[in-house]
Trainee: 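Here's a structure for you.
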There are 2 protein chains.
Amino acid sequence: MPLEGRTKQDVLSEFRCAEILTAARGVFARKGFQAATMDDIAGAAGVGKGTLYLYYRSKRDIYLASLEHGLRALSALTAAEVAAAARIEDKIRAFVLTKVRYFDEQRDFYRIYHAEFGNVVAHPSCLPDELMALYLQQVQQLEQAIQQAVDRGEIRPVQAGTVAFAIFEITRGIITQRLLDRTGSRAEDDGAFIVDLIWKGIGNR
Amino acid sequence: MPLEGRTKQDVLSEFRCAEILTAARGVFARKGFQAATMDDIAGAAGVGKGTLYLYYRSKRDIYLASLEHGLRALSALTAAEVAAAARIEDKIRAFVLTKVRYFDEQRDFYRIYHAEFGNVVAHPSCLPDELMALYLQQVQQLEQAIQQAVDRGEIRPVQAGTVAFAIFEITRGIITQRLLDRTGSRAEDDGAFIVDLIWKGIGNR
DNA sequence: TATAGTATACTGACTGCTCGGTCAGGTTAC
DNA sequence: GTAACCTGACCGAGCAGTCAGTATACTATA
């Protein structure tokens with residue numbers, strides 16, 4: 001049956017794609033985009049170098065695919081958690097904790113994510129607009145929530161953008177510290193610290 | 001007179017070194033370490049490629065030299081300003097404002113600094129211990145000052161390390177935003193925002 | 001002051017190597 | 001038998017670093 005045969009191939013193909021992507025993520029995390037070679041990735045994936053080009057057009061393609069994969073998952077997760085929280089304080093807590101927890105699980109991805117977006121300023125690295133938008137969306141959602149809270153008088157009249165940015169940055173700092181740290185504090189504690197700090201800074205009382 | 005001749009050469013040599021370093025800083029800032037080529041640097045400095053190797057041993061050498069140059073200046077300036085402030089609130093303000101102002105002036109350096117140290121986690125880039133220590137020293141000094149303030153009861157009993165790190169990170173965030181931003185807010189205002197936020201979070205009242 | 005001699009500074013064509021991407025040919029599954 | 005899948009030797013571009021040769025500055029001597 002042609003349809004069934006087609007599907008079988010598709011499944012196999014998707015499996016290979018994912019296999020390569022996982023291997024690539026590890027290599028990119030360890031070495032960075034430049035230093036990672038296609039031979040490295042092929043070796044890690046357990047396939048020949050030529051095979052990579054059956055599934056992806058270029059090294060950059062694989063890199064972007066692994067970046068996008070993680071970013072979409074993170075973005076969707078964060079958006080859902082934030083939306084589910086009612087009060088602004090809980091939204092902030094959800095934002096911070098979701099991110100801290102996600103990166104706790106996805107350390108390879110964090111290294112790629114951080115290397116790429118930590119450097120947006122440094123050398124604006126011609127990312128597809130779509131990815132860049134996905135990245136910026138994270139702060140924007142938070143900003144909107146904060147602005148809303150200001151409008152409703154739930155918190156002091158702060159610059160929503162700046163506060164959102166500050167939360168975003170401290171969160172990254174905490175995650176970075178967790179990756180470096182061997183003591184292994186709990187994600188909840190680190191998250192609580194930020195929320196506490198920010199809340200004292202912007203809360204109404 | 002041999003001594004006079006020697007000195008003359010030294011001066012000339014130092015001048016060339018500085019000339020190359022300035023050119024290299026611009027190129028590294030624009031393209032990043034990997035993408036910058038020795039031909040680029042030679043072109044920017046207005047000398048032949050071979051000349052670069054009369055003053056520096058390798059591309060990496062030039063890169064490290066430009067990094068160290070800026071980092072030493074920043075570190076010395078910050079340490080002096082923080083030491084000059086008496087109360088912890090003023091120390092924090094000095095820390096933040098000195099950095100914001102410094103990077104406002106040294107945007108090329110910021111791009112190199114940020115690309116390198118923003119990624120310490122990403123791929124621990126075999127920097128000389130000396131440079132790494134100089135970088136970490138910045139947070140440590142602040143941490144000590146905060147710990148002291150806690151011990152004296154000037155502020156709430158917070159985790160000095162975590163707070164220092166948070167201040168460090170938000171400061172970087174603000175600087176990043178300033179570089180991206182076209183509206184040109186005043187360094188003082190951006191600095192005041194952070195200090196205000198942090199102070200509400202850790203202050204005694 | 002002119003000239004020859006020498007040391008120092010500089011240059012850019014060249015070399016060797018790395019690595020992204022290709023493709024002719026092999027392998028596997030049915 | 002054949003179609004889909006896979007491979008890795010190979011190609012060519014790009015670039016760090018070299019070095020034989022040139023230019024410049026300085027010194028010694030007449």
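In what follows, chains are A, B, ... by sequence order, proteins preceding strands, each numbered from 1.
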Trainee: Does a side-chain N or O of B:Tyr55 approach OP1 or OP2 of C:dC10 to a distance below 4.0 Å, or not?
Mentor: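 For C:dC10, OP1 or OP2 has a side-chain N or O of B:Tyr55 closer than 4.0 Å.
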
Trainee: Indicate whether OP1 or OP2 belonging to C:dG21 is found under 4.0 Å from a side-chain N or O atom of A:Arg57.
Mentor: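 Answer is no, no contact under 4.0 Å.
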
Trainee: Quick one, B:Tyr56 and B:Leu21 - any side-chain contact, counting heavy atoms below 4.5 Å?
Mentor: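 The answer is yes; the side chains approach within 4.5 Å.
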
Trainee: Rounded to whole angstrom units, what separation is found between the NZ atom of A:Lys49 and the P atom of C:dC19?
Mentor: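 So the two atoms are 10 Å apart, to the nearest Å.
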
Trainee: Do the charged groups of A:Arg25 and A:Asp108 touch, with an N to O distance under 4.0 Å?
Mentor: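 Not counted as a salt bridge, because no side-chain N and carboxylate O are separated by less than 4.0 Å.
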
Trainee: Contact class for B:Thr51 vs. all strands (heavy atom < 4.0 Å): base, sugar-phosphate, or nothing?
Mentor: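 Base: the residue B:Thr51, judged by heavy atoms under 4.0 Å, touches a nucleobase.
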
Trainee: How long is the gap from CD1 on A:Ile88 to CD on A:Gln148, to the nearest 0.5 Å?
Mentor: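 That separation rounds to 8.0 Å.
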
Trainee: Give the rounded distance in Å between these two atoms: CD1 of B:Ile41 and P of C:dG12.
Mentor: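 For the pair B:Ile41 CD1 and C:dG12 P, the rounded distance is 16 Å.
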
Trainee: If you look at every strand shown and take non-hydrogen atoms under 4.0 Å, does B:Ala36 touch a base, only sugar-phosphate, or nothing?
Mentor: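 It contacts sugar-phosphate atoms only.
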
Trainee: Reckon A:Leu54 touches a base, only the sugar-phosphate, or nothing at all at heavy-atom distances under 4.0 Å?
Mentor: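 A:Leu54: base contact, heavy atoms under 4.0 Å.
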
Trainee: Closest heavy-atom contact between A:Leu71 and A:Tyr135?
Mentor: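 The answer is CD2-N, 4.1 Å.
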
Trainee: For the pair made of CG in B:Asp40 and C1' in D:dG14, what is the distance, rounded to whole Å?
Mentor: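 In whole Å, D:dG14 C1' lies 12 Å from B:Asp40 CG.
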
Trainee: Mind checking if B:Tyr56 touches a base, just sugar-phosphate, or nothing, with heavy atoms under 4.0 Å?
Mentor: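 Result for B:Tyr56 = nothing.
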
Trainee: Without decimals, in angstroms, what is the distance between B:Tyr63 OH and D:dA16 P?
Mentor: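 Value for this atom pair: 14 Å.
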
Trainee: Please identify which of these residues, A:Arg178, A:Arg186, A:Lys99, meets the salt bridge (Lys or Arg N to Asp or Glu O under 4.0 Å) condition with A:Asp104.
Mentor: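 In the set A:Arg178, A:Arg186, A:Lys99, the residue that makes a salt bridge (Lys or Arg N to Asp or Glu O under 4.0 Å) with A:Asp104 is A:Arg178.
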
Trainee: Under 3.5 Å, is there a donor on one side chain and an acceptor on the other for B:Tyr110 and B:Thr176?
Mentor: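 Looking only at side-chain atoms, B:Thr176 and B:Tyr110 do form a donor-acceptor pair, the distance falling under 3.5 Å.
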
Trainee: Heavy-atom distance under 4.5 Å between the side chains of B:Thr162 and A:Asp190, does that happen here?
Mentor: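 Heavy-atom side-chain distance check fails, nothing below 4.5 Å.
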
Trainee: Under 3.5 Å, is there any donor-acceptor pair linking the side chain of B:Lys59 to the base of D:dG17?
Mentor: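 No.
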
Trainee: Would you kindly give the OH-to-C1' distance between A:Tyr53 and C:dA24, to the nearest whole Å?
Mentor: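 In whole Å, C:dA24 C1' and A:Tyr53 OH are 18 Å from each other.
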
Trainee: What orientation do A:Phe33 and A:Phe28 show, parallel under 30°, tilted 30 to 60°, or perpendicular over 60°?
Mentor: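 Ring orientation, 0 to 90° scale: parallel.
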
Trainee: Rounded to whole angstrom units, what separation is found between the CG atom of A:Asp39 and the P atom of D:dC6?
Mentor: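 About 18 Å, once rounded to whole Å.
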
Trainee: Take the C1' atoms of the five end pairs on each side of the helix from C:dT1-D:dA30 to C:dC30-D:dG1, get both axes, and report the angle to 10 degrees.
Mentor: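 What I find for the helix from C:dT1-D:dA30 to C:dC30-D:dG1 is an axis angle of 10°.
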
Trainee: Using whole Å, report how far CE of B:Met38 lies from C1' of C:dC14.
Mentor: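 These atoms are roughly 16 Å apart.
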
Trainee: Assess the side chains of B:Glu116 and B:Tyr63: does a donor N or O sit below 3.5 Å from an acceptor N or O?
Mentor: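 Short answer, yes.
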
Trainee: Residues from residues 17-26 of chain B sitting under 4.0 Å of DNA chain D, heavy atoms only?
Mentor: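 Within residues 17-26 of chain B, no residue comes under 4.0 Å of DNA chain D.
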
Trainee: Give a yes or no on whether a salt bridge exists between A:Glu68 and A:Arg72, defined as a side-chain N under 4.0 angstrom from a carboxylate O.
Mentor: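 Yes, charged N to carboxylate O under 4.0 Å.
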
Trainee: Rounding to a whole Å, what distance do you find between A:Gln34:CD and C:dG20:P?
Mentor: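 Roughly 9 Å, once rounded to whole Å.
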
